[in-house]
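Not measured: the values here are computed from a predicted model. Keep in mind that the numbers below use all heavy atoms, side chains included, and drop hydrogens, waters and symmetry copies.
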Amino acid sequence: MDIGRYSIRKKLTWMNLLVSGATLLIASSAFVAYELASLRLAMVRNLSVQAQITGANCASAILFGDPDSARNTLSSLSAAPNIISVAIYTPAQNGERSARPFAAYIRSSAGASPVVLQPPPTQTETYRFTNNSLEMVRPVVFQGSRIGVVYIRSDLKEIYDMLQRYAGIVAIILLISLPAALLFSAIFQRATAQPIMQLAGVARMVSREKKYTVRAPASGSQDEIALLVGAFNEMLDQIQERDAALQQAHERLNLALKSSGVGTWSWAVAEDTVVWDDFMYPLFGLARNATPLRYQDFLDLIHPKDRERVRQAGLDAARLDLPYDVEFRVFWPDGTLHSLSARGKVFHDHDRRPVRLTGVCWDISERKRAEEERQKFVSLVEQTDDFVGMIGLDGRIMFLNRAGCRLVGLEARKAVGTPFADLHPEDAWSGLSDEVLPAILRGDGNWVGEAKLRHLTTRQPIDVLMNIFPVNDPESGQLLCFAAIMRDVTGRKRLEEQLLQAQKLDSIGQLAGGVAHDFNNLLTIISGYSELILGRCSPDDPVCEPVEQISRAAARAAALTRQLLAFGSRQASEQKDVALNDVVGNVEKMLRRLIGADVDLVLSLEEDAGTIRADPGQMEQVIVNLVINARDAMPGGGRLLIETSGLYLDEESAQGRLAVPPGRYVMLAVSDSGIGMTSEVKSRIFEPFFTTKERGKGTGLGLSTVYGIVQQSRGSITVQSEPGQGTTFRILFPAVQPGSREFAGAPVEMPAAGSETILLTEDEAGVRGYVRYILERHGYRVAEASNGIEAMDVVRSYPGPIHLLLTDVVMPEVGGVELAAQFAAVYPGVPVLYMSGYNDRLWMQSDTPVDIIQKPFASGALLAQIRELLDARREALQPRIKT
Amino acid sequence: MTSGRTLRFRAAFAAACLLAASVAGAQDVRPTEYQLKAAYLTEFGRFVEQWSSRARPSPDDSFDICVLGQDPMGSALDAAVRNEKIGGAPLATKRISRPQDALGCRVLFIGSSEDGQLSAILAALGTAPVLTVADLPDFVKRGGMIQFVLDENRVRFEINLAASQHAGLTLSSELLKLARVVRRTP
């Protein structure tokens, strides 16, 4: 039974009834119980008295054995209607009480069942209440001695009667009081329950009909109920107010959302459903739909790459109360990709469990696109190597990109605010500001020209190509600021200078080379045939002497040619791997002699500075030339320092030099403390025939020679010098690993004859004829061709095998190297020997070492090399003997 | 020390059960007539006011129960008297031959042998407080106080109240109650 279900009225009524009833019952019961106890006691006492009196009255009868008399006396007890039986027992002969009473009285019960005389109880207790009687045993005492016992039994009618009576009374009392209680209940309820019920009624109405305008009637009293009613009404007031405010806010929000295209969403964490307002659907390209989605449906709309991130963000927000702020891409049904941004907040229940994640979402595709565009431009500006900057109207830098900062040596964070003028040398700036800015301000558009900047820390001048233009407000046309874009042309300028110089020298060298080549050919013929004649003539033949002269003259001519080629970098040289330090060591003694006592020579050679591929003789020549120049710069004596070191040239450092690729280099530096050079002189120092010395002193070829040799060795040479501050020449040679194939010098003996077939390719008829002659004389079979194309025809048509290709390098149409390649396709592994009139850096053009013989060559040298090559080939072809 | 009394009670009770016993069956030991009378003699004393409550004789004094003339009870009386007290005084039996000797007695049993001298005996006693008991015929008519009668084999007695009053003895109503006849007038 659920007590709570009953109304207050019923509860109060019942309460009253129960309280009254219970109280009455308890009181009555107590009273009755007391009466009962008293009555019992009284009964016992009465009975006792009766027994005693009876006993006493029967004493004489007992003594005189007169049961009749006793009976008589006993029968007087019939006056007491409650006595059931009385019996007097006297001791039997065996000392115990006899089973038969001496005299007895038994009540005659009319109509009721006959009462049976019962023997007295044997217990020692004097009285006993049974279910329906009170029994008592009392001794008969006569003059101090016990002569018998009276066993008297009384019914309990009196008690029952009493109980009945009282029950009746209590019932009547209850019957009267309970209705009275009800009545009072009813009266009091008006004061207590009614207001409560009214309040309950109002509350029910409010919650059912959601009308917050009703109020509970105020009760007249001032008790707690009145307080409750008052508070309730106040609460309703507040709810109404809040409701109204909420309504307004809701309307405002809706308005805002509507106009902004922002959608709101709510994710119920436990149920994993998502509720969207109408504005959410268009963000995903979906039609408006009323059914809530599952959270997974929402995730599925997201781009796969972003999906996990968004999912994790949701979990983090829900579980860890982290802010939910994500951007992600979604695929619309039409396949297009859009970017959205979502922000949300998690709401918890009382137990701090996440219940809901609610938030807003809007489209940021435009912004993303704009950002991407912006980013592109930003990287463009930042990654370009050009100086890109913006200068305010106050002349201070507003923005400078990375390259710009680097160019002028400005730290990025210090760039903004630096006056633009600080970047220019004073003399340059005035010119610039006089010329450039007015032009711009006039509205001429932009100004492009060469200018000079100054590095802020090294104070070095920087040559730039500058483009300055105004930036105007697109709408008002007002000038906002200036933009400056500059390109560092220092290097270029320097390169240009160097190139110019190189070109100059190159052209001269070309000329010389061209001449020398032809010259070499002619010399080959002259010295070759001379040699033949000399080989044939006997010592006392008069023709020998003159031919000898011819031969010698030819040799001298060859030497001269070599020298000529030196500064034109067309010298015939013998390249080998040589440690630079060794070269310096070799000439040291000579150097000391050369410079004299006034000059202090110091060698600073790095250990294992490196190995270079060069002609050692040429290297020596370089060192000597430089040292001589240094000496001449110090007429009063001074200090001369020769350094070597190995170094690695990286991208940046390599840039300032003449087309030298990055890599490992060996440096040779020769420094003096002499008079130095002006920049004028410096710029012409390597020009052939340029000299600062007086006429007749010095050929003006020294440094040109050096230059040429350095070029030949694929190195580079720079000079540093200021007037009065000495001069330093620095040469960089590419470092090599020792091991390329080198060739020995001229052989001593005539090699063995051979009978192999040699393909001779040479465009110069005279040289070709000579060489053919030598070869055939030595036993070889010769196939001729005058250029590469002819040679390949011969290769294809020649009936027998060809054992060696002997070819010139420079030929029209197809050159020697190309021919060799074609030849190798047909005769792989067959040796090729080049005859070179130049040293065209042939060995650099191929990856593998090549065999070259320089023109002009002695026949013996040619034959020896051919023999060596053929023998090597034959060895390689022989099968190995298995052991 | 109620053994004697107990014995006596048993005897009295047994007498009372004579009638019942005759119906129910055999009883153990039936007291004789004179045993009963002897027992009664000893009891009468209790029902005399002066001797049961007032005028308590000192313990040295004995409560004498005398037998004048032929003693029909004999040892029964002695047995009944043994160790009994009335009012603190021990009971004693005396056998006397002259009425004058009875003046010191409390209870006097007159034997049937003295039937002829009854009036003289009574006259001799005068107003002395002596309870006279006999089973002589018409004893009470003749002035005796308590007379044993046999009534259907039961020992009953008649009482002459006037006689006892004459002697200055007040008999308890209890006793009177038991008597078969009570004479009030002399």
Side-chain angles (χ1 to χ4, degrees), chain A residues 50-77 85-106 116-120 137-151, chain B residues 1-21 23-25 27-31 35-37 39-48 51-53 56 84-88 146 148 151-152 154-157 159 171-180:
Chain A
Q50 278 170 334
Q52 276 177 313
I53 293 175
T54 308
N57 282 346
C58 294
S60 55
I62 292 168
L63 281 175
F64 293 108
D66 191 350
D68 289 331
S69 172
R71 240 175 263 125
N72 219 19
T73 310
L74 291 182
S75 62
S76 63
L77 285 173
S85 68
V86 189
I88 296 185
Y89 293 85
T90 49
Q93 277 174 319
N94 56 359
E96 292 177 357
R97 212 179 293 143
S98 71
R100 300 213 127 127
F102 171 71
Y105 156 76
I106 297 173
V116 175
L117 186 66
Q118 293 169 2
V137 169
R138 278 243 158 271
V140 181
V141 174
F142 180 72
Q143 291 187 352
S145 41
R146 232 174 108 111
I147 58 175
V149 292
V150 176
Y151 173 53
Chain B
M1 297 278 275
T2 57
S3 53
R5 179 161 310 170
T6 309
L7 200 61
R8 206 172 50 245
F9 288 159
R10 264 191 258 141
F13 183 68
C17 289
L18 272 176
L19 192 58
V23 177
Q27 202 65 8
D28 277 357
V29 178
R30 204 174 296 176
Q35 274 178 327
L36 281 173
K37 284 182 181 170
Y40 289 5
L41 270 179
T42 57
E43 296 300 324
F44 287 140
R46 302 187 195 281
F47 293 92
V48 180
W51 296 336
S52 60
S53 53
R56 212 176 289 267
E84 292 297 330
K85 289 193 185 151
I86 289 182
I146 301 178
F148 284 123
D151 182 0
E152 299 171 353
R154 289 178 60 202
V155 179
R156 305 289 302 274
F157 48 84
I159 295 177
L171 298 179
S172 164
S173 54
E174 297 287 315
L175 193 62
L176 301 177
K177 200 165 67 174
L178 296 171
R180 203 177 70 158

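Nearest heavy-atom pair across A:D68 and B:R154 is OD2-NH1, 3.3 Å. For the pair B:Y40 and A:L63, the tightest heavy-atom approach, listed with the atom from each and the gap, is CE1-O, 4.2 Å.
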- Message: side-chain contact (heavy atoms from CB on, under 4.5 Å), that's the test. Do A:F142 and B:E174 meet it? Break it down for me.
- Response: CA-CA 11 Å; A:F142 180 72; B:E174 297 287 315; 5.7 Å; no
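In this structure, A:S60 OG and B:R46 CZ are separated by 12.5 Å, a value rounded to the nearest 0.5 Å.
Only the backbone of A:A56 comes within less than 4.5 Å of a heavy atom in chain B; its side chain stays farther off. Contacts between A:N57 and chain B at a heavy-atom distance below 4.5 Å involve backbone atoms as well as side-chain atoms.
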